[in-house]
Amino acid sequence: MNQEKEVTKEEFKSLYFKYSTPYSGWTESYWNSFFEKEEGKKYFFTEPASPKENRMYITTSGEVRRLYFLTEEGNESLSDFPGKE
């Protein structure tokens, strides 16, 4: 598993655009609406561990923003809950 590392906002932005794909929803408009004007936040990045980890996600919690990746199967299991059949 790749290690999470803290990055600057400019590095985070560069990584956001590097890994965004057409039709993923990660657009320039989205960046501008949610991240461009932010100040004083901490940004973290975890590289995809393999080419199968091709689903980019960003979580926001308080002052922290995290960019990470899941596989298609991991993406599908996000909404799973204990006991789900």
Side-chain angles (χ1 to χ4, degrees):
M1 181 174 190
N2 287 344
Q3 293 292 318
E4 177 180 72
K5 65 180 180 178
E6 188 168 359
V7 296
T8 67
K9 181 179 179 181
E10 286 305 311
E11 289 171 318
F12 191 83
K13 181 178 183 178
S14 176
L15 293 162
Y16 172 95
F17 286 110
K18 174 181 177 180
Y19 287 102
S20 64
T21 58
Y23 312 110
S24 68
W26 301 115
T27 63
E28 184 173 356
S29 177
Y30 188 91
W31 173 268
N32 290 336
S33 294
F34 292 96
F35 302 110
E36 187 62 35
K37 294 180 183 176
E38 288 187 328
E39 293 182 17
K41 309 294 184 198
K42 290 186 175 188
Y43 298 91
F44 294 89
F45 173 73
T46 304
E47 272 189 70
S50 75
K52 289 184 178 183
E53 287 188 348
N54 59 6
R55 308 287 182 161
M56 185 172 90
Y57 287 88
I58 297 174
T59 59
T60 60
S61 178
E63 301 299 310
V64 176
R65 310 297 181 246
R66 287 186 161 84
L67 192 154
Y68 61 97
F69 300 86
L70 294 175
T71 62
E72 187 172 337
E73 295 79 19
N75 173 57
E76 291 172 3
S77 68
L78 275 178
S79 60
D80 286 352
F81 52 89
K84 181 180 175 187
E85 294 184 26

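Residues: numbered from 1 along the sequence shown. Fair warning: this is a prediction, and the values are worked out from it, not measured in the lab.
Annotation: salt bridge (charged side-chain N to carboxylate O under 4.0 Å, His left out) contacts involving residues 38-49, sequence neighbours excluded, comprise Glu38-Arg65, Lys41-Glu63. Sorted by first then second residue, the salt bridge (charged side-chain N to carboxylate O under 4.0 Å, His left out) pairs that include residues 6-26, not counting sequence neighbours, are Lys13-Glu36.
For Ser61, there are no side-chain contact (heavy atoms from CB on, under 4.5 Å) partners at least two apart in sequence or on another chain. Taking the ring pair (Phe, Tyr, Trp, His ring centres under 6.0 Å) definition, one finds that Phe12 meets it with Tyr43, sequence neighbours left out. Partners of Tyr30 by ring pair (Phe, Tyr, Trp, His ring centres under 6.0 Å), not counting sequence neighbours, listed by chain and number: Trp26, Phe34. Partners of Glu4 under the salt bridge (Lys or Arg N to Asp or Glu O under 4.0 Å) rule, at least two apart in sequence or in another chain, are Arg66.
Between Leu15 and Leu67 the shortest heavy-atom distance is C-CD1, 4.4 Å. Nearest heavy-atom pair, Phe69 versus Thr46, reported as atom, atom and distance to 0.1 Å: CD1-O, 3.4 Å.
Side-chain contact check for Met56 versus Tyr16: some heavy-atom pair is nearer than 4.5 Å. Tyr68 has its side chain out of reach of Pro48: every pair of non-hydrogen atoms, C-beta onward, lies at least 4.5 Å apart. A heavy-atom distance below 4.5 Å is found between the side chains of Phe35 and Thr60.
How far CD1 of Ile58 is from CH2 of Trp31: 7.0 Å, rounded to the nearest 0.5 Å. Separating the CD atom in Glu53 from the OH atom in Tyr19 is a distance of 11.0 Å, to the nearest 0.5 Å.
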